[in-house]
Every structure is written in structure tokens, then in C-alpha cells.
Amino acid sequence: MSTVKSADGTTIAFDAIGEGRPLIMIDGATAHRAVNPSNAEVAKLLSDEFRVYVYDRRGRGESTDTKPYAIQREIEDLAALIEDAGQPAILFGWSSGGLLALDAAAAGLPVAALALFEPPVVVDDARPPLPTDYVERLEASVEAGRPGDAVELFMTAAALMPPEFVDAMRGTPIWTGVEQIAGTIAYDGRIMGTTMSGNPLPTDRWSAVNVPVLVMHGDNTPPYLKVGPEAVAELLPTARLLPVPGENHNVEPPVLAPVLRQFAKEL
């Protein structure tokens with residue numbers, strides 16, 4: 001494990017695997033190195049050609065945190081990793097991590113290209129939008145010492161898990177692990193902003209993104225998860241949409257790695 005210091009002093013823990021062109025893997029909500037082995041597996045498959053950064057977003061795993069939170073702080077975390085890499089990086093983002101990647105590129109970080117897998121976007125009535133007070137309820141639950149309520153809200157309102165399935169998860173090791181980082185769920189809620197409101201995407205948020213963007217979704221993913229990537233690809237002039245054959249919301253590393261390798265070759 002290695003670390004970098006972000007601009008506000010937060011320690012960001014990461015593993016850098018391989019040598020070559022820098023590629024930074026950005027997790028979505030609740031994921032980090034200890035619970036999501038996919039990033040490290042992708043890194044090993046690409047290690048002959050890329051230096052892949054697998055890191056813990058602030059407040060998760062072995063990274064520290066500094067209050068108050070702002071999206072800009074996570075952009076600064078990425079800036080510190082890119083500085084360690086020494087050259088513009090390709091950013092890959094899972095789910096809400098893809099929106100963070102877009103924000104980083106729009107902020108002017110030295111980014112060579114973006115690859116996004118199923119960014120969380122709801123622009124129609126294909127699924128219920130997030131509650132308008134989603135972030136406020138998450139933060140209030142954590143501040144009141146009820147992290148489980150925040151986890152439940154995330155799983156039911158954002159991930160659309162049936163309440164009875166969520167109830168059955170309480171007390172399991174997975175549930176306990178998510179409770180430990182429940183305070184960071186609101187971070188992704190802030191990053192999503194209005195992207196899951198059921199309304200069209202704002203035209204100005206990522207208007208400064210001028211690098212190639214690959215927007216992916218699994219061709220076996222639920223229909224409502226395809227609409228978002230399609231909307232993002234349509235919004236961005238430098239983007240193209242790629243349905244990944246045979247995959248759903250969790251694309252397997254042996255499938256993802258060659259897609260990223262080919263995308264990089266085309267830059």
C-alpha cells in the first residue's frame with residue numbers, strides 16, 4: 001500500500017499495479033479495496049501496459065477523511081493521485097464514480113480520457129427518482145447515530161432493493177461493513193446531485209469536458225440502467241456509447257480489461 005496527501009491533508013491510500021500509462025479506478029458508493037476486488041483484478045490484467053491506481057476514496061478503507069465534505073475535495077484527491085502518476089491519467093468510474101470522473105475532467109485536471117460504467121442517471125420515469133431530501137436524510141441518520149437507517153435508505157431508494165431483502169441483510173458482515181462507512185453514502189448523493197431526479201441532465205455541468213469519453217452499460221442490465229448511460233453519451237460531444245455483451249451492472253474483470261485496453265489504444 002502507498003499513500004498520497006490530498007490538498008486538505010487527507011491521506012488517500014492506494015495500490016499501484018503495473019507500469020505504463022496511468023489508469024485510475026474510481027469506485028461507486030460504499031465500495032473500497034477491501035470489499036471490491038474487481039479493480040485489483042482489472043489492474044493485474046492490464047499491468048503489462050498500464051500503471052493502474054486502485055484507491056480508497058476518502059472516508060473508506062485505509063483512507064482518512066476531513067470535514068466538511070465537498071465534491072471539490074474528492075477532485076483534489078484525484079489530483080494528488082495524478083500528480084503521483086506524473087502524467088495525464090485515464091479515469092475509469094463505476095456508477096457514481098463515473099460522475100466524479102466527469103467532474104474531475106470538467107474541473108481541468110490533467111485527464112487523458114474517461115471510461116464510465118453505468119453512471120447513475122434517471123431522466124425519465126423508467127424507475128422512481130431519488131427522494132428530493134435523500135442527502136439530508138442520509139446525513140441526519142448518521143449524525144443521530146443511526147448509520148443503519150442510512151444504509152437502508154441507500155439500498156431501497158438508490159439501489160431499489162426490496163425492503164424485505166434489506167431487512168434480511170441486517171446484522172450480516174456485509175451490512176456491518178457498509179454501516180462503518182455509512183457517512184460516505186451522502187458523498188455520492190452530493191456527487192449525483194440532480195442526475196437521478198427524473199429530469200434531463202444539466203447541459204452546463206460537464207460542458208468543459210473535451211477528452212474522449214467511453215460510456216458503457218451491460219447489455220443484460222435492467223432497462224432503467226441503460227437509459228442513464230445513453231443520456232450521458234448523448235449529452236457529451238466527445239462520448240460514445242458501448243453496450244458490453246453478456247454483462248449486467250457488475251461487469252467481470254476479464255470482460256472489462258480488454259475493453260479498457262482497446263479504448264486506450266484508440267486515443
Side-chain angles (χ1 to χ4, degrees), residues 24 26-31 57-58 68-79 82 88-139 153-154 157-160 184-218 221-243 249 263:
I24 299 175
I26 307 173
D27 275 317
T30 75
R57 286 175 54 188
R58 61 173 51 214
Y69 177 79
I71 299 172
Q72 181 60 30
R73 302 291 83 78
E74 291 218 63
I75 293 173
E76 291 165 356
D77 300 344
L78 285 167
I82 294 172
I90 299 170
L91 304 183
F92 170 79
W94 296 101
S95 190
S96 51
L99 303 183
L100 176 57
L102 283 167
D103 285 343
L109 264 59
V111 172
L114 304 172
L116 321 175
F117 194 82
E118 296 194 2
V121 171
V122 179
V123 293
D124 56 19
D125 59 358
R127 57 148 285 171
L130 281 181
T132 56
D133 59 351
Y134 175 70
V135 169
E136 290 76 11
R137 289 167 61 187
L138 289 171
E139 293 177 338
L153 179 62
F154 165 71
L160 294 186
T184 70
I185 298 174
Y187 298 177
D188 289 81
R190 291 190 177 278
I191 289 168
M192 289 187 294
T194 62
T195 65
M196 294 187 68
S197 65
N199 298 310
L201 287 169
T203 58
D204 57 344
R205 179 172 174 180
W206 302 308
S207 59
V209 175
N210 57 9
V211 298
V213 182
L214 179 66
V215 188
M216 294 171 276
H217 67 74
T221 205
Y224 70 84
L225 288 175
K226 298 179 182 179
V227 175
E230 291 168 354
V232 173
E234 183 177 351
L235 177 71
L236 301 172
T238 59
R240 66 180 175 92
L241 182 69
L242 178 66
H249 192 54
F263 176 52

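Quick note: residue numbers are just sequence positions, from 1.
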So how far is it from K226 NZ to L241 CG, rounded to the nearest 0.5 Å? 10.5 Å

Please report the interatomic distance CH2(W206) to CG(L99), rounded to the nearest 0.5 Å. 5.0 Å

Please round to the nearest 0.5 Å and tell me the distance separating atom CG of L114 and atom OG1 of T238. 7.5 Å

Is there side-chain contact between T195 and V122, with at least one heavy-atom pair below 4.5 Å? no

Quick check for you: to the nearest 0.5 Å, what is the distance between L236 atom CG and N210 atom CG? 11.0 Å

Looking only at heavy atoms, which two atoms of P120 and S96 are closest? And how far apart? CD-N, 3.4 Å

Any side-chain heavy atom of L102 sitting closer than 4.5 Å to one from L116? yes

Between A106 and A208, the two heavy atoms sitting closest are O-CB, 3.7 Å

So which heavy atom on A231 is nearest to which on V121, and how close? CB-CG1, 4.4 Å

P229 side chain near P119 side chain, heavy-atom distance below 4.5 Å: yes

Nearest heavy-atom contact between A239 and V215 is CB-CG2, 4.2 Å

Are R240 and F263 close enough that some pair of their side-chain heavy atoms sits under 4.5 Å apart? yes

Closer than 3.5 angstrom, by distance alone: can the side chain of S95 be matched with the main-chain N or O of F117 as a donor-acceptor pair? no

For P131, side chain to side chain contact (heavy atoms under 4.5 Å, CB included) partners two or more places apart: D133, Y134, R137, A157

Say you draw a straight line from CG of L138 to CZ of F154; how long is it, rounded to the nearest 0.5 Å? 9.5 Å

Is it true that a side-chain atom of S197 and a backbone atom of T194 form a donor plus acceptor pair closer than 3.5 Å? yes

E234 CD: over 12 foreign heavy atoms closer than 6.0 Å: no

Taking all non-hydrogen atoms of both residues into account, name the closest pair between P202 and L235 and its distance. O-CD2, 3.9 Å

Under 3.5 Å, is there a donor-acceptor pair between the E118 and H217 side chains? no

Kindly indicate whether the side chain of V123, heavy atoms from C-beta on, has any atom under 4.5 Å from the side chain of N199. no

Note: L109 and A79 closest approach over all heavy atoms is CD2-N, 3.6 Å

Dump the intermediate steps for side-chain contact (heavy atoms from CB on, under 4.5 Å) on T184 and R58, then the final yes or no. CA-CA 8 Å; T184 70; R58 61 173 51 214; over 6 Å; no

Would a 4.5 Å heavy-atom cut-off, applied to side chains only, mark L78 and L100 as touching? yes

Given side-chain contact (heavy atoms from CB on, under 4.5 Å), test F92 with M216 step by step and report yes or no. CA-CA 11 Å; F92 170 79; M216 294 171 276; 3.8 Å; yes

Quick check for you: to the nearest 0.5 Å, what is the distance between R73 atom CZ and Y187 atom OH? 11.5 Å

Of I90, I24, I82, the residue whose pairing with V111 passes side-chain contact (heavy atoms from CB on, under 4.5 Å): I82

Less than 4.0 angstrom from a charged side-chain N to a carboxylate O is my criterion; do R57 and D27 meet it? no

Salt bridge between R190 and E139, side-chain N to carboxylate O under 4.0 Å? yes

